[in-house]
Each structure stands twice: as C-alpha cells, then as structure tokens.
Amino acid sequence: MNPSDTLTEPLTRLRAAITGCPHDHPNPGPVTSGTGRADLAEAEDFVRRHHREHPDQPGPLLARLLEIRRQIHETGTYRHTHDELVFGARVAWRNSSRCIGRLYWHSLRVLDLRDATAPEEIHQHLITHLREGTNGGRIRPTISVFAPDAPGRPGPRVWNDQLIRYAGYRQSDGSVVGDPAYAEFTELVSRMGWNAPGGPFDVLPLIISTHDTKPQLFDVPADDVLEVPLSHPEHAWFAELGVRWHALPAISNMRLRIGGIDYPLAPFNGWYMGTEIGARNLVDEDRYDLLPLIAARLGLDTGSETTLWRDRALVELNVAVLHSFAEAGVKISDHHTESRRFLTHVEKERRAGRTVPADWTWIVPPVSGGITPVFHRTYDQADQRPNFYLDPERRELGRGRCPYSHAQP
Ligand code: ARG
C-alpha cells in the first residue's frame with residue numbers, strides 16, 4: 001500500500017467539510033512531508049554533532065553510526081535514543097531563526113511520547129503538556145514529541161496551529177466575534193460537531209488524526225487553560241472591555257526534523273513576549289483590531305494620523321498586557337528585556353564556536369524596534385538542522401482551509 005494514501009484518505013473524506021475548498025481532485029496528494037524514510041547523511045551528521053557537543057555521554061560514536069546504518073538499511077528508518085531525542089529537540093529550538101527567546105534553549109523539557117498511538121491517549125498527553133507547561137503561571141518551555149513518520153506509517157498530527165486558540169464567528173453583517181484568523185477553522189470544527197458557545201474568547205477544540213483513525217475532535221478542558229483578564233494600571237475602564245488572553249503559546253503544527261527523521265507532532269511552548277499579544281493578536285486588523293476602541297476610550301483624536309493615536313493606544317495596550325500578566329503571576333517578558341537576552345545568547349553561542357541563524361524581520365519586535373538593541377545589526381541566515389518546519393499543508397489546515405489549494409495555479 002502506498003503510505004501516502006493511508007494518510008490522505010481520512011483527509012479526503014473530510015475535505016468536503018473544509019470550508020471553501022474548491023478542489024475536487026481524486027488524488028490530492030499526500031499531506032505528509034515525505035516518505036518516512038530517514039536520510040542517512042543527515043542522521044550521521046546529527047549523531048556526530050551529538051557526540052561533539054556531549055563528548056562524555058553517549059558511548060562510542062562508530063558503533064552508533066553502524067547501528068543507525070543497519071537500522072535504516074533494514075527498516076528505512078532508525079530510532080533515536082532518549083538522549084538523542086532530547087538533544088535534537090533542544091538544538092531544533094537553538095536553530096529556530098525566527099525565535100528571539102533562544103537563550104534558554106538548553107533547558108527545554110522534552111517529553112518522549114513516541115509510543116502513544118491512540119488519539120485518546122495523544123489527547124491526554126496534550127492536556128498534560130498544557131498543565132505542566134503552564135505550571136500555574138511559572139511557565140516552563142516544554143516539548144512533547146510523538147511518533148515520527150516511518151515508511152508506510154506516518155506519525156499522528158494535530159490540525160490546530162496552536163493547542164490554545166480562540167474561535168472566531170462570522171456574523172451575517174460580515175463582522176467576526178472572536179479571533180477572525182480562526183473563523184474558517186471554527187466553521188470546520190462546527191461542521192465536525194463542535195457545540196460552539198459563540199463568545200469572543202472560546203477555546204477551540206483539537207483535531208487529532210492518526211494513521212489508523214480519521215480526524216477527531218477533542219475538547220480542551222477549561223480548567224487546563226490558564227487565562228489572564230486584561231486590566232490597565234491607570235485606566236480602570238480597561239478591565240470593563242472584557243479582553244483576555246491565554247497564558248501559554250503552544251505551537252502544534254510544525255514538523256520537528258532531527259537527524260533525517262520527521263516528527264510531525266511535536267507541540268512546544270515557551271512563555272509570551274508581551275508584544276505578541278499587545279501588538280499583534282489584539283491589534284492586527286485581521287485579528288482583534290482593538291486600537292480604534294482603545295483610542296476612543298482614551299479620548300484620543302482619531303481624525304488624523306498625525307496625532308499618533310494608534311501608537312499611543314498601542315503603548316497603553318502593551319502596558320496593560322505586561323501589567324495584567326504580572327498581576328496574575330503568569331510569566332511573560334517585555335521586548336526590551338527579551339532583546340537584550342537574545343544578544344546575550346548570540347554572544348554565548350559565539351564563544352561556543354557557533355553562529356546564530358536569525359531572521360531580522362522576525363527578531364526585531366513589532367513595536368519600538370529602533371530602541372531595542374536587536375535592531376542595530378545584521379544576522380547570519382542559515383537553515384541548520386535539527387529544526388522546526390511549517391509545511392504549507394499544515395499551515396492551511398491550521399486555518400481550517402483546504403490543504404491542497406496552495407498547489408493550485
Ligand atoms: N506569536 C504567537 C502567538 O501570539 C506565538 C508564537 C510563539 N511564541 C512564544 N513566545 N513562544 O500566539
């Protein structure tokens with residue numbers, strides 16, 4: 001049997017449910033990123049790096065290289081040791097060129113869940129991840145690594161782009177209640193049977209699919225989602241807006257690639273930098289778009305751009321985010337502190353003889369760029385492995401869209 005058939009089959013069945021999917025190709029192609037065969041050269045490269053960076057630990061290099069070669073020859077892939085998995089996941093973070101928060105790459109907690117197969121079991125582990133990663137607000141960077149893709153046996157997937165995201169409900173007048181970025185995903189899970197509450201901050205259910213099971217919905221229990229109601233230290237009216245955000249950013253649609261092996265389900269979390277919420281999620285015009293409302297409450301003159309009403313409202317919103325998380329005892333950092341930490345990381349890595357691949361357009365914060373030190377320099381750009389990859393199919397699924405539309409002319 002063609003391995004990709006088995007993976008796409010459930011997708012094909014659900015395709016009709018995916019909103020706005022105009023494609024009716026009989027064989028839409030795999031949503032898997034590869035064949036499941038491990039790349040030997042990449043495997044060897046990785047194991048050599050592991051030994052180089054941990055000369056004390058893992059036993060003789062040559063024996064390990066031979067063992068990997070034998071396993072790939074016999075099965076098309078190989079199994080990472082626990083140490084390799086932990087090291088690989090940490091280095092994947094270290095190599096993530098868009099992440100400003102990499103100073104603590106070495107302390108990433110790695111949960112080895114490669115043997116979990118049933119969707120119910122996977123769901124339980126995801127909830128445990130939320131609970132342990134959130135840790136009552138003292139957030140711990142954590143990754144849960146589930147089964148890798150193997151020949152004829154693709155690993156499990158979560159369709160959501162993050163474990164915690166808010167639904168968006170399109171109204172008849174075209175406006176959206178909730179997060180507009182998830183309006184299509186919300187329609188998708190509603191068609192699959194989710195009982196949508198219809199509020200502005202409803203946590204979406206998870207879609208989990210495996211090699212043996214069609215995509216299924218699982219709820220994220222409210223008790224396991226820590227949220228912070230936003231208030232402002234000087235403006236009492238701010239709390240009345242009823243705006244909140246979740247404490248944990250946990251990305252669930254990126255493929256972790258270690259030593260030539262793909263782990264399609266490896267959700268990871270860090271803590272928030274305030275601007276992600278206060279300058280993007282609540283501000284982008286295609287997200288919560290709150291600046292006009294906040295400017296009005298601040299009494300700013302929105303009649304002309306030159307009053308800088310947007311900028312002034314933006315700063316007050318970011319003050320509210322940092323203030324509220326601190327009040328609630330939830331770990332968060334500001335963009336000045338995180339920028340300085342990043343340069344500390346670059347310097348530490350330089351001393352270790354490594355360069356830090358970085359994407360300036362992502363590293364520089366979306367507010368006050370020029371008054372953070374990360375603005376005033378350039379960075380090396382390189383695709384170093386291990387790393388995390390966002391495949392186009394997963395990007396589309398995460399937004400509730402047809403995964404095949406990107407392939408169309
Ligand atoms: N920017 C994304 C969000 O607001 C989260 C990305 C990961 N962020 C992090 N601090 N680890 O939801």
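All of these numbers come straight from a predicted model, not from anything done at the bench. Order of appearance sets the numbers: ligands from 1, and atoms from 1 within every ligand.
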inquiry  = Looking only at side-chain N and O atoms, does T361 offer a donor or acceptor that is under 3.5 Å from a partner on D359?
reply    =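 Indeed, the side chains of D359 and T361 share at least one donor-acceptor pair under 3.5 Å.
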message = Quick check with a 6.0 Å cut-off and a 45 degree axis cone: is R399 positioned over the face of Y182's six-membered ring?
response =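 So R399 does make the cation-pi contact.
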message = Tell me whether R90 forms a cation-pi arrangement with W105, defined as NZ or CZ under 6.0 Å from the six-membered ring centre and within 45 degrees of its axis.
response = no
query = Would you call D212 and R153 a salt bridge, using N to O less than 4.0 angstrom?
reply = yes
key: Which residue and heavy atom of the protein sit nearest atom 5 (C) of ligand 1, plus the separation   =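 In this structure, atom 5 (C) of ligand 1 has E276 OE1, 3.1 Å as its nearest protein heavy atom.
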ask   = Quick one: does ligand 1 sit under 4.0 Å from the side chain of R98, the backbone, both or neither, non-hydrogen atoms only?
value = neither
key: Proximity to ligand 1 by part of Q162, non-hydrogen separation under 4.0 Å   =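 The answer is the side chain.
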task = Indicate yes or no: does an N/O atom of N269 lie under 3.5 Å from an N/O atom of ligand 1?
result =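 By distance alone, the answer is no.
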Enumerated ligand 1 atoms positioned under 4.0 Å from heavy atoms of Y272 = 3 (C), 4 (O), 10 (N), 12 (O)
query = Which ligand 1 atoms does N281 reach within 4.0 Å, using its non-hydrogen atoms?
reply =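 By the 4.0 Å cutoff, the relevant atoms are 3 (C), 4 (O), 12 (O).
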key: Heavy-atom gap W271 to ligand 1 smaller than 4.0 Å   =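 Flag set, W271 near ligand 1.
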inquiry  = Is R165 close enough to touch ligand 1? Criterion: a residue heavy atom under 4.0 Å from a ligand atom.
reply    =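 In this structure, R165 qualifies as a contact of ligand 1 - some heavy atom is under 4.0 Å.
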request  = Name the orientation class of the two ring planes belonging to H232 and F238 (parallel below 30°, tilted from 30 to 60°, perpendicular beyond 60°).
outcome  = tilted
request  = Indicate yes or no: at least one non-hydrogen side-chain atom of R138 is less than 4.5 angstrom from one of K331.
outcome  =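 Side-chain contact under 4.5 Å: no.
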